[in-house]
*Asks:* 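What follows is a single structure, and I will ask about it in a moment.
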Amino acid sequence: MASRVPCPHCGLRPKEEFTIKGAALPRPAPDAGEAAWIEYVYLRENPRGAYDEFWHHTSGCRRWLVVSRNTLTHDVYGARDVALGGETQP
Amino acid sequence: MRDSALMRRPAVASEPVRCGDLLLEAPGGSILQLLGKAGATPPSDMSLPEVAGASPGLRNAGPGQWFVVTDRELTGPEIDALAARLAPSLHVVDQSSGRFRIRVSGAPSRRMLAKGVALDLHPERFPVGTATSTLVGQIGTNLARTGQDSFELLVLRGFAQSLWDDLLLMSREFG
Amino acid sequence: MSSYRLPSGGLVDRAASLAFTFDGKPMQGFAGDTLASALLANGQRLVGRSFKYHRPRGVLTAGAAEPNALVTIGTGGRTEPNTRATMQELYAGLEATSQNRWPSLAFDVGAVNGLLSPFLGAGFYYKTFMWPAGLWEKLYEPFIRKAAGLGRATYEADPDSYEKCWAHCDLLVVGAGVTGLAAALTAARSGARVIVADEHARAGGDLLSTTATLDGLAGPAYADAMLRELASHPEVQVLPRATVFGWYDGGVFGAVERVQKHVAAPDPRRPVERLWRIAARRAVLATGAEERPLVFGGNDIPGVMTAGAMRTYLNRHAVAPGRRAAVFTTNDSGYALAGDLERAGVEVAAVIDSRPDALAFPGLRARVIREAVVSDAHGGREIQAVDVWADGKRERIAVDSLAMAGGFNPVIALACQRGAKPRWSDAHGAFLAPDVDGLSLAGAAAGVTGLAACFESGVRQASAALSDLGFRPTPLATPVVEGDVVPAPAPPLWMIPGVKGKAFVDYQNDVHRADLDLAVREGYGHVELAKRYTTNGMATDQGKLSNVNAIGLLAKARGVSPGEVGTTTFRPFYTPVSFGALTGAHHGKHFQPVRKSPLHDWAARRGAVFVETGLWYRSSWFPRDGETTWRQSVDREVLNVRANVGLCDVSMLGKIEVCGPDAAEFLNRVYCNGFAKLPVGKARYGLMLREDGFIYDDGTTSRLAEDRYFMTTTTAYAAGVMTHLEFCAQALWPELDVRLASVTDQWAQMAVAGPKVREVLQRVVDEDLSNAAFPYLAARDVSLFGGRLRGRLFRISFSGELAYELAVPADYGESVADALMQAGEPFGIQPYGVEALGVLRIEKGHVTHNEINGTVVPADLGFARMVADKPDFVGKRMLSREALVAPGRPQLVGLVPLDPAASFRTGSHVLSKGAAATLENDQGYVTSTAFSPHVGSTIGLALVKNGASRHGEEVLVWNGLRNEMTTARLTSPVFVDPANEKLHA
Amino acid sequence: MRYSALSLLLNGLTGNRNWAPAWREPEPKSHYDVVIVGGGGHGLATAYYLAKVFGVRNVAVLEKGYLGSGNIGRNTTIIRSNYLLPGNNPFYELSMKLWEGLEQDFNFNAMVSQRGVLNLYHSDAQQDAYTRRGNAMRLHGVDAELLDREAVRAKLPFLDFDNARFPIQGGLLQRRGGTVRHDAVAWGYARGADSHGVDVIQHCEVTGIRREGGRAVGVETTRGFIGCNKLALAAAGHSSQVAAMAGLKLPLESHVLQAFVSEGLKPFIDCVVTFGAGHFYVSQSDKGGLVFGGDIDGYNSYAQRGNLATVEHVAEAGKAMIPALSRVRVLRSWGGVMDMSMDGSPIIDRVHLDNLYLNSGWCYGGFKATPASGYCFAHLIARDEPHETAREMRLDRFARGYLIDEKGQGAQPNLH
């Protein structure tokens with residue numbers, strides 16, 4: 001995928017500028033049950049298709065993005081700043 | 001020790017280098033990093049009166065963050081004054097030693113930089129006055145276009161010599 | 001050896017004669033020749049030996065698909081095996097050597113394999129060589145390996161340089177034949193940014209070998225005119241000698257430009273190859289078509305080549321294929337060649353046409369044999385005759401060259417590299433690729449035939465792409481083409497009757513027709529299995545010529561259509577790409593950038609020995625005259641710190657400025673220990689966990705102001721911690737107002753340690769450094785040199801001595817370090833390196849990433865009480881899992897040998913005394929070791945099951961790798977000053 | 001039909017027209033004792049050992065593509081048993097021992113070639129880590145040798161010893177490691193399983209798992225419903241999809257790992273070497289191609305194709321290790337889809353349904369594990385008891401914290 005990712009702050013940037021973390025999941029509340037936490041830390045839908053993933057623009061604006069893309073076709077639908085939003089399409 | 005010789009030693013001790021029409025320089029001066037809340041707008045008063053005499057430039061460094069670069073080295077009180085005025089919306093971090101500034105100018109600048117920069121440096125895509133952070137080869141930089149054929153790069157001090165050497169290598173064919 | 005160069009014509013420069021050698025034999029060619037055309041002009045038809053049967057092979061094509069004419073070019077570090085003679089431009093002094101033969105090309109012992117061929121069919125090796133078991137590596141395999149392979153690579157380093165470059169365009173046109181040039185010019189005139197890449201030295205494609213005219217101009221002249229206009233557009237870049245080898249996601253194409261592969265002595269200021277990453281908004285694939293060989297017996301004998309190749313050598317290079325040729329064709333294209341041959345004075349013995357209804361070709365003198373095939377070619381190192389089957393009769397015709405015109409395979413590789421499936425078209429008799437994701441095919445690559453139609457196709461596809469992008473395209477008018485032979489589609493001829501000899505499908509891998517039959521018979525009939533079982537399509541040409549023929553033959557054998565058989569997967573690289581090009585300038589010392597401490601030169605001046613630590617170079621130790629081993633230097637440095645005072649460069653520790661009104665709350669959540677109440681002016685050791693509960697990193701964080709902290713991280717994890725903090729700030733708790741800046745490079749940081757440190761430091765620092773005024777863990781901005789410089793001072797200690805870390809702006813680091821050394825001279829100050837620092841910290845029982853290895857929790861390292869009872873911090877919830885609190889976890893201990901003269905090494909395992917050396921008995925492992933001058937022996941830190949409760953136990957330190965066994969005692973991990981009196985002194 | 005030198009000779013003399021098919025192409029039956037989902041190396045090996053060792057012969061292997069179309073045919077063919085942790089080490093050594101007798105066992109020459117696997121180290125810290133690992137291997141009786149710089153130089157003089165950014169200090173050598181012709185492993189197991197009565201069914205995609213009560217009673221496929229007493233999943237790369245059909249969410253991400261082959265060369269390098277200062281490993285195939293690879297691309301993917309940046313990183317590391325590679329040309333790249341697990345180690349376990357068995361999470365260790373994976377999985381299926389070497393490869397280890405984390409990277413698959 002993702003030879004280039006549409007950073008909402010920097011525009012299309014090559015993959016090598018990014019650090020990828022994995023599924024863009026919300027962190028459970030501190031007092032959520034053990035099951036919720038184990039699911040958050042370890043279990044993954046791992047879909048074959050549409051997927052939201054955390055990418056960090058390490059060599060660019062240093063913002064964490066949620067990159068929406070397709071794991072089968074490698075189409076990138078868009079990327080938004082995890083805190084600021086601002087979805088951009090490629 | 002109060003009389004010790006205090007010498008500023010920049011990361012790369014080099015005279016300007018010319019490769020044909022290309023010129024590589026290290027202008028020195030000061031570099032301040034401004035930290036705002038993500039989403040903040042740039043400092044409203046662009047004149048930066050505290051450092052006005054140092055011909056400051058403002059460089060985008062990601063949401064809510066900027067670099068101020070000056071050709072003259074700022075004094076502690078000048079930085080303090082600027083920090084005081086910008087507080088609390090912006091924190092000022094002195095990076096004059098932490099980043100090293102390199103100026104590249106001359107007609108082949110864009111062609112030379114394209115060897116390391118994935119950005120489209122076409123003047124309509126990356127116009128004069130724009131700055132952004134990006135890789136030059138393997139090294140992260142803040143790249144600004146200061147003129148049609150001139151660019152400035154800010155690089156972590158520790159990588160400055162490596163970047164300088166890389167740029168010389170990239171420039172060889174123009175010399 | 002007679003010359004086959006025609007007396008006139010062609011695009012070679014007869015004024016520029018170039019001398020070269022083949023297998024040491026001097027030869028002459030002209031500028032404009034490829035190595036292949038020059039060899040043919042010199043009558044050198046035998047060029048190499050095949051992979052398996054070592055059969056004589058010659059030039060088969062005139063392009064990138066060449067499977068046979070592979071030679072080694074150059075000598076020494078410039079040796080390039082497997083170079084396609086058809087793509088290599090001739091230059092003066094070129095040295096070419098044939099491959100896969102011994103002792104010589106003409107007499108090759110390996111050719112005996114041909115006699116054994118009945119036993120060497122597809123997959124024979126899977127069925128034998130199994131007995132006795134041990135002989136595979138010893139006997140069979142070395143023999144096979146020696147016989148296999150093609151050219152021999154050099155072990156010498158490459159003297160030339162390479163580089164990479166990015167390029168951006170609206171439209172990328174791949175291929176600069178008539179289609180590509182028409183597409184590019186359409187785009188150029190529309191104002192788009194255009195890149196045209198062509199793999200050949202000279203753009204023009206078939207325009208360079210056609211005898212047709214366009215608007216009255218000869219093909220080459222017409223191509224040149226188009227190129228001239230392209231060159232006049234500032235936003236157009238034409239890249240000759242550039243092969244687009246891959247289409248990657250996000251509209252990125254990879255291309256290799258052979259910048260200086262056609263010169264004997266490359267200009268050192270320029271690369272020999274340049275890797276282009278082309279980001280294109282749209283692309284037009286105008287890559288043309290490969291002519292399909294015909295699968296008859298002996299179709300590999302030198303002198304047999306594709307008709308298009310023969311025409312190229314004839315018309316473009318002015319090289320006759322022989323004196324008496326035959327053309328075996330399934331379509332009209334063979335007639336164009338036959339006509340050109342006759343015009344050039346080459347006798348055409350026959351045109352053998354597989355169709356019953358072939359039309360008469362005006363002006364052709366040659367005999368045309370209809371509804372006929374060539375069943376076998378005969379000859380050894382050159383073709384001598386062909387057997388023609390017609391009307392159920394065999395006729396032998398003497399020839400010295402044979403052209404095959406088996407129809408065309410559109411070159412669709414790039415279009416299909418990203419998952420698009422080619423589909424079989426009966427109408428075209430070929431596989432075609434769909435237009436996908438902004439890439440469209442034009443001209444012969446799309447199954448179009450004829451110059452005019454290809455031109456139109458290029459214009460049309462470019463116009464469509466430009467419209468998509470919002471341009472108003474300016475279509476070019478199609479030129480008037482005269483004299484072009486436009487072959488109508490003809491059904492492919494897969495299975496030729498009457499074949500007696502080996503009929504090759506994959507020339508280079510020696511896969512012949514019977515191999516495919518065998519694969520089908522044995523259950524490997526799926527196209528992918530057949531490929532893997534027979535190796536069809538796996539040679540350096542990646543099946544450019546063989547794949548479609550193999551599919552046709554598999555279809556015949558299975559009784560289905562080629563479409564049902566389907567193709568194998570198209571993958572990069574379209575043609576092979578050198579490591580050099582893919583590497584660019586990043587090799588040798590430049591493999592990775594160097595990161596240098598601001599005190600690097602300072603340490604170098606003092607004789608430091610440096611060691612790579614990640615990208616950094618760190619000063620390891622500072623040898624003095626008379627010291628012969630590193631241990632002597634390190635022991636001295638350690639003792640000097642304990643007795644006097646030392647200075648160590650710790651600038652490479654990660655440093656992060658954490659600012660903002662919520663910085664305290666933020667830190668309280670990222671560290672597992674409490675940070676909310678850290679007072680201004682104080683430092684605190686902090687432990688950061690991962691969300692899974694294991695320790696991530698540690699370091700000291702100081703509160704410089706109410707809303708400003710200065711965090712340090714380990715060197716190795718500096719970048720990772722910064723990224724992690726940004727994740728916490730942006731993704732986990734965006735409601736917190738916290739701002740982060742990496743200041744690692746802003747500060748030169750020096751650890752100054754030892755009982756005499758205060759006196760030394762006080763001479764440089766303006767503030768009062770008395771214990772009362774600047775107590776243990778004080779951390780403040782300080783003024784230096786009477787107010788001439790500002791710095792930061794932290795009273796923290798990694799060595800266990802009374803110690804400070806002083807940070808000053810990096811550009812002033814050397815001056816300050818010099819001043820400290822000068823101030824410390826009366827107190828015996830010495831610089832010490834990371835080795836001594838390591839000894840000091842092990843003596844003190846301080847952990848590093850040797851111990852924080854990603855599998856330990858705070859309690860394992862004795863930090864259980866640091867874990868704060870607070871509502872939330874990263875890692876809190878996973879920390880209480882069963883295995884993380886169960887007994888038997890590895891715990892940090894110290895380790896001393898019972899015999900002080902004995903030693904042990906890091907990485908040794910710990911066994912209970914008397915226990916057998918088995919994995920089940922493994923008690924743990926040694927994480928750090930050092931010779932401790934303080935203890936007087938080697939000491940170590942180890943992670944041992946329940947170690948904290950086993951102090952005093954004797955164990956065996958087991959290093960089976962080196963056969964070193966040492967008896968040792970488990971101890972407290974703190975070897976010096978367990979009461980921390982020195983820290984507070 | 002038994003393969004032997006004699007059979008080769010006789011068939012050669014009769015024009016190779018009498019070779020029998022290597023396996024049947026059976027129609028699926030309506031019910032089997034065991035249905036294995038996935039006709040790759042692990043699924044086929046499982047079927048082979050179920051039939052041959054454990055006497056369970058009424059078995060079907062369902063493969064959605066052609067036989068061996070998954071990672072068994074997409075890897076870099078390396079075998080080794082140089083593992084650190086007790087949860088892995090004995091398992092991979094079992095695999096090595098099975099490799100050592102495999103060809104005679106299944107009568108198919110898979111070209112098991114114990115040419116040695118050398119892991120280079122470039123720093124004291126790496127030497128320490130390899131010392132710890134080598135000693136763990138030795139404790140289990142696995143061969144391991146620590147070579148110093150000069151010993152490495154004597155073995156491979158063409159590595160960069162003079163101009164390297166990260167100088168080579170030495171290496172950890174496992175002489176019994178090496179390479180195997182990957183496709184032949186699939187074919188050998190398929191032929192062997194078939195000869196013991198297993199139905200290997202190609203082009204049969206599982207589209208659903210039918211459950212009744214707490215049991216899986218069969219699978220819906222593109223060729224109809226197939227019932228079973230026990231259902232075994234061995235679909236690495238796509239484990240999450242198959243497990244989801246049974247309502248199970250796994251601690252896995254699917255990632256693409258690229259691999260490469262160069263043009264064929266005369267013998268150039270005679271063992272497997274891994275670079276310690278970057279992601280690169282290389283060996284040479286019997287055909288002469290240098291087979292090499294590097295790190296995963298880093299993002300979740302099912303596309304079996306990779307990114308140019310990764311290609312460049314691999315090449316850079318390659319030339320940094322062997323400068324003479326500069327003018328060697330890379331022929332082809334491809335991508336395999338890995339089950340990357342949350343601790344970098346595999347899962348062989350019976351899961352939440354009584355008769356559902358899971359084999360997944362192989363990361364990039366899948367090929368070398370093939371024989372032991374098949375053997376241990378067969379053991380578990382046949383006996384409902386984990387094999388002693390695979391006891392720690394449980395699914396619940398993540399929840400309970402008994403991780404098998406060789407690299408200590410934690411719950412982030414792309415770091416393993």
Side-chain angles (χ1 to χ4, degrees), chain C residues 80 82 118-119 121 126-130 133 137 141 144-145 148-150 152-155 157-158 248 254 518 521-523 526 528-529 532 540 571-572 576-580 582-583 586-589 591-592 612 690 692 694 853-855 881-884 906-907 909 917 919 922 925 960-961, chain D residues 3 5 8 12 16 19 21-23 66 86 103-104 108-109 113-114 128 131-132 134-135 138-140 144 146 158 163 165-166 183-184 263-268 286-288 307-308 312 315-316 318-320 323-334 400-402 405 408-411:
Chain C
E80 271 183 42
N82 305 336
F119 315 108
Y126 299 124
K127 297 168 180 163
T128 186
F129 301 137
M130 287 178 269
E137 287 95 338
E141 191 179 35
I144 289 174
R145 291 174 88 95
L150 289 165
R152 191 174 299 284
T154 177
Y155 286 125
D158 189 338
Y248 297 89
L518 181 63
R521 198 175 309 131
E522 293 195 271
H526 188 280
E528 292 281 1
L529 288 173
R532 288 162 166 76
T540 58
R571 295 191 179 280
V577 179
S578 72
F579 271 82
L582 291 169
T583 298
H586 303 309
H587 61 91
K589 293 280 189 208
F591 166 50
Q592 302 264 288
E612 302 80 11
R690 301 187 307 226
D692 66 359
F694 295 93
N853 62 15
T855 65
R881 277 180 294 167
E882 176 186 330
L884 277 56
T906 307
H909 285 238
L919 203 56
D922 195 6
Y925 52 96
L961 264 187
Chain D
Y3 294 154
L8 201 67
N16 289 311
W19 289 108
W23 39 74
Y66 60 93
E103 296 157 305
Q104 289 71 30
F108 202 89
N109 185 358
S113 178
Q114 294 182 287
D128 293 346
T131 301
R132 183 184 163 206
N135 277 319
R138 286 291 194 97
L139 277 175
H140 191 60
L146 205 59
F158 48 83
N163 189 41
R165 172 73 177 81
F166 301 102
D183 290 322
E263 294 182 339
L265 300 171
K266 290 294 176 194
F268 183 83
D286 286 341
K287 262 188 78 204
N307 194 288
L308 181 56
E312 295 172 42
E316 287 165 14
K319 187 169 165 183
L325 286 177
S326 185
R327 287 177 120 98
V328 170
R329 284 182 284 249
V330 189
L331 178 59
R332 186 172 172 92
S333 68
W334 61 94
R400 295 166 66 209
Y402 292 100
D405 189 348
Q409 291 289 3

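Lettering follows sequence order; numbering is per chain, from 1.
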*Asks:* Could you check whether any side-chain heavy atom of D:R132 comes within less than 4.5 Å of a side-chain heavy atom of C:N853, counting everything from C-beta outward?
*Replies:* yes
*Asks:* Can you tell me if D:D286 uses its side chain to pair, donor with acceptor, with the backbone of C:I144 under 3.5 Å?
*Replies:* no
*Asks:* Only pairs of heavy atoms separated by less than 4.5 Å count here; which of C:A153, C:P118, C:P576 has the most with chain D?
*Replies:* C:P576
*Asks:* What distance separates D:N135 CG from C:D922 CG, expressed to the nearest 0.5 Å?
*Replies:* 9.0 Å
*Asks:* Looking at C:G254, C:G588, C:G960, C:P572, which makes the most heavy-atom pairs under 4.5 Å with chain D?
*Replies:* C:P572
*Asks:* Let me confirm one number: the OG1-CZ distance from C:T154 to D:R327, rounded to the nearest 0.5 Å.
*Replies:* 10.0 Å
*Asks:* Looking only at non-hydrogen atoms, find the nearest pair between C:T583 and D:A315 and report the distance.
*Replies:* OG1-O, 3.2 Å
*Asks:* Indicate yes or no: at least one non-hydrogen side-chain atom of C:R152 is less than 4.5 angstrom from one of D:L265.
*Replies:* no
*Asks:* Under 4.5 Å between any side-chain heavy atoms of C:F591 and D:E316, yes or no?
*Replies:* yes
*Asks:* Any side-chain heavy-atom pair from C:E80 and D:R329 closer than 4.5 angstrom?
*Replies:* yes
*Asks:* So what's closer than 4.5 Å to chain D heavy atoms on C:H587: side chain, backbone, both or neither?
*Replies:* side chain
*Asks:* Of the backbone (N, CA, C, O) and the side chain (C-beta and beyond), which part of C:R145 lies under 4.5 Å from a heavy atom of chain D, both, or neither?
*Replies:* both
*Asks:* Between D:P86, D:S333, D:A411, D:A5, who has the most heavy-atom pairs with chain C when the cutoff is under 4.5 Å?
*Replies:* D:S333
*Asks:* Any idea which of D:N16, D:D128, D:T131, D:V330 has the most non-hydrogen atom pairs under 4.5 angstrom with chain C?
*Replies:* D:V330
*Asks:* Could you check D:S113 against C:E137 for side chain to side chain donor-acceptor pair (under 3.5 Å), going step by step and ending with a plain yes or no?
*Replies:* CA-CA 6 Å; D:S113 178; C:E137 287 95 338; 4.7 Å; no
*Asks:* Is it the side chain or the backbone of C:Y248 that comes within 4.5 Å of chain D heavy atoms, both, or neither?
*Replies:* side chain
*Asks:* Where does D:D405 contact chain C at under 4.5 Å (heavy atoms): side chain, backbone, both or neither?
*Replies:* both
*Asks:* Where does C:F119 contact chain D at under 4.5 Å (heavy atoms): side chain, backbone, both or neither?
*Replies:* both
*Asks:* What's the shortest heavy-atom distance between D:P267 and C:Y155, and which atoms?
*Replies:* O-OH, 4.0 Å
*Asks:* Select, from C:T128, C:N82, C:T855, C:L582, the one with the greatest count of heavy-atom pairs under 4.5 Å involving chain D.
*Replies:* C:N82
*Asks:* Go through D:F158, D:Y402, D:W23, D:Y66 and name the one with the most non-hydrogen pairs under 4.5 angstrom from chain C.
*Replies:* D:Y66
*Asks:* So do C:E612 and D:R165 actually touch side chain to side chain, heavy atoms under 4.5 Å?
*Replies:* yes
*Asks:* Need one label for D:Q409: side chain, backbone, both or neither, based on atoms under 4.5 Å from any heavy atom in chain C.
*Replies:* backbone
*Asks:* Can you confirm whether C:F129 sits close enough to D:E103 that some side-chain heavy atom of one is under 4.5 Å from a side-chain heavy atom of the other?
*Replies:* no
*Asks:* Should C:Q592 and D:F166 count as side-chain neighbours, where that means a heavy-atom distance under 4.5 Å?
*Replies:* yes
*Asks:* Name the member of D:R400, D:R332, D:Q104 that forms the most heavy-atom pairs with chain C at distances under 4.5 Å.
*Replies:* D:R332
*Asks:* Donor-acceptor pair, distance only, cut-off 3.5 Å: does the side chain of D:K266 make one with the backbone of C:A148?
*Replies:* yes
*Asks:* If we define contacts as heavy-atom pairs under 4.5 Å, which of D:A324, D:G288, D:A144 has the most with chain C?
*Replies:* D:A324
*Asks:* If you count heavy-atom pairs under 4.5 Å between each of D:L325, D:V328, D:L331, D:D183 and chain C, which one has the most?
*Replies:* D:L331
*Asks:* In terms of heavy-atom pairs under 4.5 Å with chain D, which of C:A917, C:G121, C:A157 leads?
*Replies:* C:A917
*Asks:* Find the one option among C:V577, C:L518, C:D692, C:L884 whose heavy-atom pairs under 4.5 Å with chain D are most numerous.
*Replies:* C:V577
*Asks:* Quick check: do C:L150 and D:E263 have side-chain heavy atoms less than 4.5 Å from each other?
*Replies:* no
*Asks:* Looking at CD of C:E522 and CH2 of D:W19, how far apart are the two atoms once the value is rounded to the nearest 0.5 Å?
*Replies:* 6.5 Å
